[in-house]
Amino acid sequence: MTKIAIVYFSATGHTQQVAEAVAEGAKSVAGTEVKLLRILGEDIHEGRWKNDSIIAALNEADAIVFGTPTYMGGYAAQFKNFIDGCGGIWYQQGWKNKIGAGFTHSQGLSGDKLNTLAGLMINGMQHGMIWVGTGITPQGATPDKINRLSSYSGAMAQSNIDQPNIGPGDRETAVLLGQRVAETAVRWNK
Ligand SMILES: Cc1cc2nc3c(=O)[nH]c(=O)nc-3n(C[C@H](O)[C@H](O)[C@H](O)COP(=O)(O)O)c2cc1C
């Protein structure tokens, strides 16, 4: 079995919907086992995130997909706490040669989401991971279109404050990213 872990933070549920769509895409690939792992603020004590069962699941994964809302043009603080909490793994290069990918959700059409994805990608590079982008040519810019926000380094999703669910185009973009990550991980494992 090729193990895909999706680790994410979500305060009000939109990023969770993106994570679930990534999981759906990853599960559609034969031979995969997919885990959704949610970062919670309650696991942060004195400024440091710690959750041994999440770390164990990430350590045994073949691919890790990272997801966070964009806050103030970058990671949500809760997610940054998790990222920094994995510094010891970086020191041992414990995630070297795992497949990596990322996604973010924000309220603004831009909202500086690219900066968040760049942060996720740099974190993956520091860990020695092999980064997988969307690989999707945008199909248009309306909410029903795949990769309507024209993002290549990871999946972007955007919802207005009064919109409870992410749009169909962003959802499908996330499904396709999950599928691509899983296909890459399965090939890499051969
Ligand atoms: C502290 C804070 C900062 C935010 N900064 C941004 C921002 O820089 N750009 C943007 O488009 N949206 C911004 N937002 C909106 C969030 O991106 C949006 O609430 C989030 O993606 C919702 O995801 P969730 O439902 O998974 O929590 C911000 C929200 C908060 C609470």
Side-chain angles (χ1 to χ4, degrees), residues 4-27 34-51 54 57-58 61 63-86 100-124 133-134 136 138 140-179 181:
I4 318 289
I6 299 148
V7 62
Y8 67 98
F9 170 72
S10 180
T12 54
H14 297 89
T15 313
Q16 165 132 13
Q17 290 175 38
V18 184
E20 286 166 354
V22 172
E24 182 183 317
K27 280 179 193 161
V34 181
K35 279 190 181 164
L36 277 165
L37 307 164
R38 187 170 184 165
I39 300 301
L40 297 172
E42 66 199 40
D43 286 337
I44 299 169
H45 302 286
E46 297 188 350
R48 189 55 82 230
W49 176 91
K50 191 176 185 313
N51 181 311
I54 289 182
L58 295 174
I64 303 175
V65 188
F66 301 89
T68 172
T70 291
Y71 280 3
M72 308 313 293
Y75 297 120
Q78 292 88 339
F79 201 75
K80 177 65 170 147
N81 255 284
F82 152 70
I83 291 287
D84 291 357
C86 298
F103 59 90
T104 187
H105 175 279
S106 88
Q107 194 179 312
L109 266 175
S110 160
D112 292 321
K113 282 191 281 300
L114 179 58
N115 190 51
T116 309
L117 289 180
L120 295 176
M121 190 163 49
I122 288 168
N123 174 63
T134 57
I136 304 168
T142 48
D144 56 322
K145 301 295 186 197
I146 294 168
N147 201 11
R148 60 156 179 144
L149 297 167
S150 301
S151 178
Y152 303 94
S153 42
M156 287 183 180
Q158 176 272 336
S159 310
N160 299 330
I161 197 161
D162 57 353
Q163 202 181 318
N165 295 315
I166 61 169
D170 293 351
R171 193 179 179 286
E172 187 58 19
T173 304
V175 169
L176 291 173
L177 177 71
Q179 189 182 329
V181 166

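We're numbering straight along the sequence, starting at 1. Whatever order the structure lists them in is the order used to number ligands and atoms, beginning at 1. Because only heavy atoms are used, hydrogens play no part in the values below, and waters and symmetry mates are left out as well, while side chains stay in.
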Give a yes or no on whether the backbone of T68 and the side-chain of T104 come within a donor-acceptor separation of less than 3.5 Å.
yes

Atom 9 (N) of ligand 1 has as its nearest protein heavy atom G111 O, 3.0 Å

Under 3.5 Å, side chain of H14 to main-chain N/O of Q163, donor-acceptor pair present?
yes

So, the side chain of Q107 versus the backbone of N160: is there a donor-acceptor pair under 3.5 Å, distance only?
no

If we ignore hydrogens and angles and just use 3.5 Å, is the side chain of T173 paired with the main-chain N or O of N147 as donor and acceptor?
yes

Does any N or O atom in G13 lie less than 3.5 angstrom from one in ligand 1, N or O only?
yes

Pull out every atom of ligand 1 sitting under 4.0 Å from any heavy atom of G73, numbered as shown with elements.
7 (C), 8 (O)

What are the atoms of ligand 1, with element, lying closer than 4.0 Å to any heavy atom of S106?
10 (C), 11 (O), 12 (N), 17 (O), 21 (O)

Ligand-residue contact atoms, ligand 1 with T15, heavy atoms, under 4.0 Å:
23 (O), 24 (P), 26 (O)

If you have a sec, work out which protein heavy atom is nearest atom 22 (C) of ligand 1 and how many Å separate them, to one decimal?
H105 ND1, 3.6 Å

Derivation and outcome, side chain to side chain contact (heavy atoms under 4.5 Å, CB included), residues N81 and F9:
CA-CA 11 Å; N81 255 284; F9 170 72; over 6 Å; no

Would atom 11 (O) of ligand 1 count as contacted, meaning some protein heavy atom under 4.0 Å?
yes

Has K27 got a side-chain atom pairing as donor or acceptor with G178's backbone, closer than 3.5 angstrom?
no

Among non-hydrogen protein atoms, atom 18 (C) of ligand 1 lies closest to Q107 N, 4.3 Å

Do D43 side-chain atoms and N51 backbone N/O form a donor-acceptor pair below 3.5 Å?
no

So the atoms of ligand 1 within less than 4.0 Å of a heavy atom of T12 turn out to be 22 (C), 24 (P), 25 (O), 27 (O)

Test side chain to side chain contact (heavy atoms under 4.5 Å, CB included) applied to Q16 and R38, step by step:
CA-CA 8 Å; Q16 165 132 13; R38 187 170 184 165; 2.3 Å; yes

Between the main-chain N or O of I44 and the side-chain N or O of Q78, is there a donor-acceptor pair closer than 3.5 Å?
no

So is T70 in contact with ligand 1, going by heavy-atom distances below 4.0 Å?
yes

Looking only at N/O atoms, are H14 and ligand 1 under 3.5 Å apart anywhere?
yes

Ligand 1 atoms nearer than 4.0 angstrom to some heavy atom of A11 are 24 (P), 26 (O), 27 (O)

What protein heavy atom sits nearest atom 5 (N) of ligand 1, and how far away is it?
M72 N, 2.7 Å

